[in-house]
Amino acid sequence: MTEPVWGPVHQDIVGLLADHPADVPAVVDHLTKLQDLLVRLPPLEASCPLADFNKLYLVITSTVLDGLYEDRFVDPAFLARLDVDFAARYFEALRFWTDSSPSTPRAWSCLFKRMRGPDARPLPSAAAGVNAHINYDLPFALVTTLESLESEPVDGSDQHRDYLEINKIFAERIPELRRGYLDHWQLMIDMVNGDIDDWYQGELVEYTRNVAWRNAQKIWRCRHDPDARECERTRLDDNAALLGRLLLSPLGAFLQ
């Protein structure tokens with residue numbers, strides 16, 4: 001008999017994924033419960049690759065929720081809707097993988113496959129998840145959100161400014177998140193490097209999210225053309241999968 005995809009916590013994860021969070025507090029709750037389940041999976045040599053990403057995602061989403069409570073955003077309805085639509089794509093990918101569906105995006109499959117080994121280091125695993133979620137999921141989540149709000153992706157709009165505000169959240173949280181993935185000797189090197197590593201990783205997130213916004217604009221222009229939209233989906237999935245495999249390769253271990 002084939003072992004369930006999620007081993008001893010399979011039914012718990014199936015039950016969790018059966019629900020669809022409708023607001024940002026529910027997304028945070030879902031990510032928290034998922035993290036609790038992922039860390040109970042039979043361990044590989046170091047850590048659970050998906051838990052390494054999910055932890056990062058939980059921290060960022062919790063900070064977004066705090067920002068909503070603190071009136072940090074100009075258009076909170078947009079930001080809250082985007083957060084839910086964005087998370088929905090992650091949970092959908094998990095459902096596809098749970099069902100062993102060929103519809104699982106290749107961008108996510110490269111990380112999910114590492115659940116049974118070979119072992120992947122924590123920082124490359126988290127980076128591979130960020131890659132799949134931003135480079136593949138985010139452009140489509142943006143289009144879904146803007147369609148639901150009867151808006152569009154316009155540079156310099158209030159919604160665009162709120163979108164860019166998330167870059168600042170990443171910049172605020174990256175230092176503690178990145179150091180949480182490092183070993184003791186790597187922390188010593190990190191101290192020598194000072195703020196350089198934090199700076200370039202913040203710049204990388206900002207660049208990647210800017211590309212995602214541009215890709216959303218491309219998808220927006222062809223959103224009523226199923227063939228063109230599918231072409232864009234395939235292109236983004238292939239590109240993200242290629243980068244994901246690189247991040248999880250021995251070369252990607254240099255990130256750690």
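Along the sequence shown, residues are numbered consecutively beginning with 1.
For the residue pair L68 and A80, the shortest heavy atom distance occurs at CD1-CB, 4.2 Å. In plain terms, the two heavy atoms of L248 and P124 that are nearest each other are CD2-O, 4.1 Å. Residues P122 and D52 share a closest heavy-atom pair of CA-OD2, 3.3 Å. Shown here for A87 and V27, the closest heavy-atom pair between the two residues is CB-CG1, 3.6 Å. Looking at every heavy atom in both residues, D162 comes nearest to P76 through OD2-N, 4.4 Å. Nearest heavy-atom pair across P21 and V84 is O-CG1, 3.4 Å.
Ion pairing between R40 and D36 fails under the 4.0 Å rule for side-chain N and carboxylate O. Using a cutoff of 4.0 Å between basic side-chain nitrogens and carboxylate oxygens, R214 and D155 are scored as salt-bridged. A salt bridge does not link D99 with R95: none of the charged nitrogens is closer than 4.0 Å to a carboxylate oxygen.
Residue pairs meeting the salt bridge (charged side-chain N to carboxylate O under 4.0 Å, His left out) criterion with at least one partner in residues 128-137, sequence neighbours excluded, are R89-D137. Pairs engaging residues 4-15 under the side-chain hydrogen bond (donor to acceptor under 3.5 Å, both in side chains) rule: W6-T98 [sequence neighbours left out].
By the side-chain hydrogen bond (donor to acceptor under 3.5 Å, both in side chains) test, N135 is found to be paired with N131, residues two or more places apart in sequence or in another chain being considered. With sequence neighbours left out, H20 forms a ring-ring contact (aromatic ring centres under 6.0 Å, His included) with no residue at all. A search for ring-ring contact (aromatic ring centres under 6.0 Å, His included) contacts involving F96 returns nothing, not counting sequence neighbours. Under the ring-ring contact (aromatic ring centres under 6.0 Å, His included) criterion, F73 pairs with no residue at all, not counting sequence neighbours.
Residues W108 and F53 bring their aromatic ring centres within 6.0 Å. F86 and Y90 have their aromatic ring centers separated by at least 6.0 angstrom.
Between P25 and Y69, some side-chain heavy-atom pair lies under the 4.5 Å cut-off. Contact of the L164 side chain with the N210 side chain is registered, since non-hydrogen atoms from C-beta on lie closer than 4.5 Å. The shortest side-chain heavy-atom distance between L38 and K55 does not fall under the 4.5 Å cut-off. By the 4.5 Å heavy-atom criterion applied to side chains, L79 and I166 are counted as neighbours. Taking 4.5 Å as the limit, every side-chain heavy atom of R81 sits out of range of all side-chain heavy atoms of L146. Between R72 and K168 there is a side-chain heavy-atom pair separated by less than 4.5 Å. Using a 4.5 Å cut-off on side-chain heavy atoms (C-beta onward), P153 and L142 make no contact.
Using cut-offs of 30° and 60° on the angle between ring planes, the pair F112 and W97 is tilted.
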- Message: Could you go through N239 and Y136, starting from their C-alpha distance and side-chain angles, then the distance that decides it, and tell me whether this counts as side chain to side chain donor-acceptor pair (under 3.5 Å)?
- Response: CA-CA 8 Å; N239 289 345; Y136 177 66; over 6 Å; no
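Note: R221 CZ to E232 CD = 9.0 Å, rounded to the nearest 0.5 Å. Atoms SG and CD, on C222 and E230 in that order, are 10.5 Å from each other to the nearest 0.5 Å. To the nearest 0.5 Å, the span separating OG1 on T32 from CG on L37 amounts to 11.0 Å. Once rounded to the nearest 0.5 Å, the distance linking CE of M115 with SG of C48 reads 3.5 Å. For the atom pair CG (L34) and CG (L17), the distance works out to 7.0 Å, reported to the nearest 0.5 Å. Between atom CD1 of residue I219 and atom CZ of residue R229 there is a gap of 6.5 Å, rounded to the nearest 0.5 Å.
If you check the side chains of N167 and E206, you find no donor sitting under 3.5 Å from an acceptor. Side chain to side chain, R173 and T63 meet the donor-acceptor criterion of an N or O pair below 3.5 Å. T145 and D85 form a side-chain donor-acceptor contact under 3.5 Å, judged by distance and modelled atom types alone.
Between the side chain of Y163 and the main chain of R209, a donor-acceptor pair closer than 3.5 Å is present. Between the side chain of D237 and the backbone N or O of A107, at least one donor-acceptor pair lies under 3.5 Å. Side chain of R223 to main chain of W220: a donor-acceptor pair is present (N/O by atom type, distance under 3.5 Å, no hydrogens or angles). In this structure a side-chain-to-backbone donor-acceptor pair under 3.5 Å is present from T104 to S101.
At least one cation-pi condition fails for R233 and F140: the charged atom is not both under 6.0 angstrom from the six-membered ring centre and inside a 45 degree cone around its axis.
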